[in-house]
Every structure is written in C-alpha cells, then in structure tokens.
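Single-structure report; data block below.
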Amino acid sequence: MTSVVAAGGISVTMRGAVVDQGAAALERLVSDGVPARLASGASGLWGPDAAPAAARGMGWLELPRRSRALPARLAGLAGEARGAGLDRVVLAGTGGGVLAPEVITRAAGVEPVLLDGTDPHQIGAVVGDARLPRTLLVVTAGPDGVPAETDAHLRIFEDAFRRAGISGADLRRRFLVVAPEGSPAAALAAEAGYRLVPAEPDVPPRFGALGAYGLVPSALAGADVARLLDEAAALAPTLGQPYDNPALALGAALGASAQAGRGKLVIAGHGAGLAGLGDWLEHLVSESTGKDGKGLLPVVVESVDAPGFAPAADTCRVLLGDGSGEPGQGGRDADVTVTGPLGAHFLLWEYATAVACRVIGVDPFARPDVAESDDNAAALLRAEEGASPTVVGRPALVSGAVEVHGPEKLLKGARTLTSALEAIVAAVPERGYLAVSAYLDRWGDPDAGGLRSLLADRAAAGRRRAVPVTFGWGSRALRSTGQYHKGGPGNGAFLQLTGEVVADVPVPGRPYTLGHLQLAQAFGDLRVLRSRGCPAVRLHLRDRVDGLAQLTKALTS
C-alpha cells in the first residue's frame, strides 16, 4: 500500500505498515484540532508541563515571513566584511547553530570553516592557517549560555588575532555574535565590543534553520538565503490544513512508527543539494523526541546501498531527495520518501518533529539530560586542575596502537582487537542500537567515519539481522543524539574513540588545553552512560593513523 501527500513543493510518500499506522495517528490529530492549533502557535499541545517552554519556543513557525528582512541586511554585512578584506568565514557554535548552516552552504557550493568540536589538531590547523588575517569569526549561541567548546574557540581566536598584531577596532570587527538579546553570549559581545546580530528569542536553535541561527552564517559565507525563505513560504500555508498537509502526515507517520516499536529512523539521502541534511535531522529529531524513555533515533547512513538500510523490524527507512532522478533499487521501497527543495525541507521537518512529539507524548522543547555530561566534564576539569583527565584502571587490552578500556564482564576476556569489537557488538540489546562517538579530528581523521558501515556489517553478520549503528564526531554527538542516548528508551550500546594528541592548544584564560577539554567531554559522557547501566567501551588510539588502520583491518578480517 502506498500513500502520497504533496503540497507546497514537498511530496511525502509512505509505504507498507507506515500507511495504516500513520493514517490512524493522523485521524486523532485532526479530531483534536492539532493542525490549526499548531499553525497558530498554541502552546498546550504537549501537556500542561510543557506549555511554558512551548509558549517561549514557537516562533519558528513564523520564520518564513519574519526572516524576510534578513537577506538584505546580511548582504550589507557581507559587503562590509569583504570591503575590510575579511573573505574567510569561520563559524563556531554547536547543534543547530552549525548543522543548519552546514547544509545550506554545502547546497550553495560555498565552504565556510565550521567548528563545533574540541580536537586540538583540527582547531590548531584553522588558527594556524595563513588566511587568519582575512578571517571573520561568526559565533552562534543559544539563550542558555556559551558552551565550553565555543568559549574555547573564542578565546583561542582572540589570542591568535592579537599575536598576529591585530588589536582595537580591527580586532573587534573580526567577530560577529548571533545570540538572543539579553543572553550570556549577547552580554559577552557587548562587553568585548563585538557586533551582535540578535537571534529570535522565541526560536530554539535546533528549530532555527530559517532564522538568524541558520541564515546569518550562511549568508556571510555567500549562500543565497532568500531562496530558502521562498521555498519554505510555499509550504507554510498548508500547515494549518487537516488534509493535503505533508508535514502533518509525516509527523503522524513518524510518531506512529515510534509507538509501533519502529523508532529507529534509518536515513539515506538521494539527490543534489541535500548533503548534510541527515545530520541536521539527527540533531533536531533525537534531541526533540528522545526523553521520558521514548523517542525516535535517526540513523544516518551513507546511501541506500549502505549497511543498515536493509529492512528490519524496529526501523523506519527514510529517503531524502530533492525530486530529481530515481532513487535506485535500494531506495524504491523505503518506508517514507520525502522530496522537495531545501528550504521547504527545513520547515517540513520542524513541523513534523513537533507533531511526532505530540503523538509520542513528549515535550519537544525540553532537554532534560543534555547538561549532565557537560557538568561531569566541568567537574573533571576542576578536579584535574589543568592536568590531563584520567580514568581509574588500566586498559583491559592493548593491541598495537589501540587501547581497549571497558568492563571485563562486557569484553568477556577478549585477547584480540577483533574479539573485543565482537564483544561490543554482542552487547547491543535486543532491538537496540550501537552508537559510535569519535573524539577525533573530523578533517584529519576521516577514516573514523568509515567504521560505521564496517560495524553495521559485522553486527548484521553476527546477529543475522540489521543492527542500527550511528556515528557522530565528538562534542557534536553530545549536542545531537546525546539527549536520546540518556533520556530515550535506554537500549543502546556505546563505542567511544579517543586519540593521542600530538600538538595541543592552550585555552587562554582557562586552566586547561583543548586536549584536556576534549578528554573531559569524552570521559564525562562515558560516566553518564555507565551510571545508567549502558554497555560502553572506549578505544584510545595511541597513534591515530595506525589505530584507525588496525580497527579497519580488525573489522574486515
């Protein structure tokens, strides 16, 4: 059975069990008046406890209209920057403040430097680039404060500019802050004399792709953001409709899938212009839905032919496309296929996520478990007083360039790297998933990303069925799937990668280096996961290149 809902440039196609499940959820939503209430910004859709936060966070629905003045203003800011010789844009932020601009700029064919991690090799390379004197640093931050990694980026760049002989007004014009007025980041900008572009106070950053969080960095890097607003505006009138509403139908299908035990959304892309959209969705959906023991877990795979995209009893396979060409054999029977232009995708998925939260029964705006890992990392840094954080106990196994740290009970006496990896895969709970977090250099250690598909292959061979395997880079994973891992159904197993630091970077004004901060984030998250009884293993690479090569060989032998 197939159902297609198309309007406003977007088409949502549903197949198989998703059709019946989604139809039943849709009827409940319509009878409850959800389409009109949500389109009008009603705050009571997720229960009385969620209403206060919802009342402060519904502005994203109006962004296709409210953001209309931004492109002209941003064109002026971009012209000023170029006139001052600042033609290299570096964006520092976390979550939606980086992931949305990443999608937008990749679609536009422009390449700002995007920083949302703490690996000293990566940050050191950006700061040490010969183009530093031509650099404009754009910082995005939400209403709650400046995350530790963004604070570190700011301090390191300020110091680097000063060391390059840049000071006074010349230094100040190299910083631009995007944050709500009255927030800690806005206060920081005012104190330092940096320019502030106010972010919408009623838009959570992960829902802000079509507002200042998404558009300001993208426009400064050279993307045509007015086009995105046009694409979203074409969809906006359909959001209040009970039927012929693609976003409502999609949200109903996603929520119903979670309730039916198919809460892993295995996402593959198809078509030009949508590279990185899956990563943005991973953050939006997992952080919004993953709480109270419930949620949807996005599992972003490399293609429809990648390991993990095969049908499974606990997955809903989602294909993202721009409407051009055929998806290929592997994607023709996806449970859900969504096609349309990028701007419409942003609004569609934000609305659908809010609807899915209504169906599941969770507050889309709460992030109850995000701060725990940050608090643990801060405590570790304070306890170590600037020394490298340590973990009690020796490695359970050392194999060449790889140390294996984990409970003996989980590792089952493994004496080789291959058997240790097999033990980790075996620890995945029934109908669970394996999450890989790499606290490494996203550019300098790219082979780490290939481990996702290798582990998915190994898991499928061992279980004789597909096992969802997610992959995330360091602190980016903390801000995306981190909420789901700690607040969701609790059926994950976790593999963490850390690496030896060859050239560390001090954080001026702080008693630690980037390498210390990175390890503290990794260890802090590991402690939270283990405190919840989750199977969790850390692999430390004494040599990153050799260690990744060993892991690849162990998974393919």
**Asked** Going through the checks in order, is the salt bridge (charged side-chain N to carboxylate O under 4.0 Å, His left out) test met by R479 and E149?
**Response** CA-CA 11 Å; R479 316 294 179 193; E149 52 265 52; 2.8 Å; yes
**Message:** Checking H283 against Y484 for the ring pair (Phe, Tyr, Trp, His ring centres under 6.0 Å) test, could you report, in this order, the C-alpha distance in whole Å, the side-chain angles of both residues, the deciding distance, and whether it holds?
**Reply:** CA-CA 10 Å; H283 172 61; Y484 179 95; over 10 Å; no
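Proximity of V4 to V12: side-chain heavy atoms (C-beta onward) are nowhere separated by under 4.5 Å. The shortest distance between side-chain heavy atoms of L38 and L239 does not fall below 4.5 Å. Between V301 and R452 there is a side-chain heavy-atom pair separated by less than 4.5 Å. Put simply, the side chain of L342 reaches to within 4.5 Å of the side chain of L277, judged on heavy atoms. At least one side-chain heavy atom of L495 sits under 4.5 Å from a side-chain heavy atom of L539. Looking at V113 and V89, their side chains never come closer than 4.5 Å, going by heavy atoms from C-beta outward. Taking the side chain as every heavy atom from C-beta outward, V304 and H270 never approach each other to under 4.5 Å. Residues Y213 and S218 form no side-chain contact, since every pair of their non-hydrogen atoms from C-beta on lies 4.5 Å or further apart.
Atom CG of D441 and atom CG of D119 lie 4.5 Å apart (nearest 0.5 Å). Atom CG of L410 is separated from atom CZ of R530 by 8.5 Å, given to the nearest 0.5 angstrom. Here the CG-OG1 distance, from D457 to T556, works out to 10.5 Å after rounding to the nearest 0.5 Å. Interatomic distance, I10 CD1 to T238 OG1, rounded to the nearest 0.5 Å: 9.0 Å. Atom CG of L320 sits about 6.0 Å away from atom CG of L281, to the nearest 0.5 Å. One distance of note links CH2 of W473 with CZ of R442; it measures 8.0 Å at 0.5 Å rounding.
For E111, the side chain to side chain donor-acceptor pair (under 3.5 Å) test picks out no residue, with sequence neighbours left out. Residues meeting the side chain to side chain donor-acceptor pair (under 3.5 Å) test with T118, sequence neighbours left out: Q521. With sequence neighbours excluded, the residues that form a side chain to side chain contact (heavy atoms under 4.5 Å, CB included) with R68 are L229, D230, A233. With sequence neighbours left out, the ring-ring contact (aromatic ring centres under 6.0 Å, His included) criterion links Y351 to no other residue. Every side chain to side chain contact (heavy atoms under 4.5 Å, CB included) that V19 has, sequence neighbours left out, goes to M1, S3, M14. Partners of D202 under the side chain to side chain contact (heavy atoms under 4.5 Å, CB included) rule, at least two apart in sequence or in another chain, are R66, E200. With sequence neighbours left out, the ring-ring contact (aromatic ring centres under 6.0 Å, His included) criterion links F346 to W280. Scored by the side chain to side chain donor-acceptor pair (under 3.5 Å) test, S437 finds no partners at all (sequence neighbours excluded). Residues passing the side chain to side chain donor-acceptor pair (under 3.5 Å) test with D279, sequence neighbours excluded: none. Scanning for side chain to side chain contact (heavy atoms under 4.5 Å, CB included) contacts around D369 gives Q483, K486, R532, with sequence neighbours left out.
Checked by atom type, the side-chain pair R262/T315 shows no donor-acceptor distance below 3.5 Å.
At least one donor-acceptor pair under 3.5 Å links the side chain of R317 to the backbone N or O of D333. S67 places a side-chain N or O within 3.5 Å of a backbone atom of L210 that can act as its donor or acceptor partner. Side chain of S288 to main chain of V285: no donor-acceptor pair is present (N/O by atom type, distance under 3.5 Å, no hydrogens or angles). Put simply, the side chain of S183 never gets that close to the backbone of A179: no donor and acceptor are under 3.5 Å apart. Of the possible polar contacts, none joining the D447 side chain to the L548 backbone as a donor-acceptor pair under 3.5 Å is found. Of the possible polar contacts, none joining the T337 side chain to the T13 backbone as a donor-acceptor pair under 3.5 Å is found. Although no hydrogens or angles enter the test, the distance criterion places a donor-acceptor pair under 3.5 Å between the side chain of S475 and the main chain of D116. Distance alone, capped at 3.5 Å, is enough to place a donor-acceptor pair between the N245 side chain and the L248 backbone. Of the possible polar contacts, one joining the N491 side chain to the R431 backbone as a donor-acceptor pair under 3.5 Å is found.
Ion pairing between a basic and an acidic side chain is recognised when a charged N comes within 4.0 Å of a carboxylate O; R476 and E282 show no such pairing. Looking at K264 and D314, a side-chain N of the basic residue comes within less than 4.0 Å of a carboxylate O on the acidic one, giving a salt bridge. Salt bridge annotation for R15-D335: absent, with no cationic side-chain nitrogen under 4.0 angstrom from a carboxylate oxygen.
Tested against V98 for a side chain to side chain contact (heavy atoms under 4.5 Å, CB included), the candidates L115, T150, L114 yield a single pass: L114.
Contact detail for V299 and P468: the closest heavy-atom pair is CG2-CB, 3.9 Å. Considering every non-hydrogen atom in both L70 and G211, the closest pair reads CD1-C, 4.2 Å.
Listed by first and then second residue, the ring pair (Phe, Tyr, Trp, His ring centres under 6.0 Å) pairs involving residues 10-67 are W46-F365, W60-F207 (not counting sequence neighbours). Residue pairs meeting the side-chain hydrogen bond (donor to acceptor under 3.5 Å, both in side chains) criterion with at least one partner in residues 19-37, sequence neighbours excluded, are E27-Y243, D32-R358.
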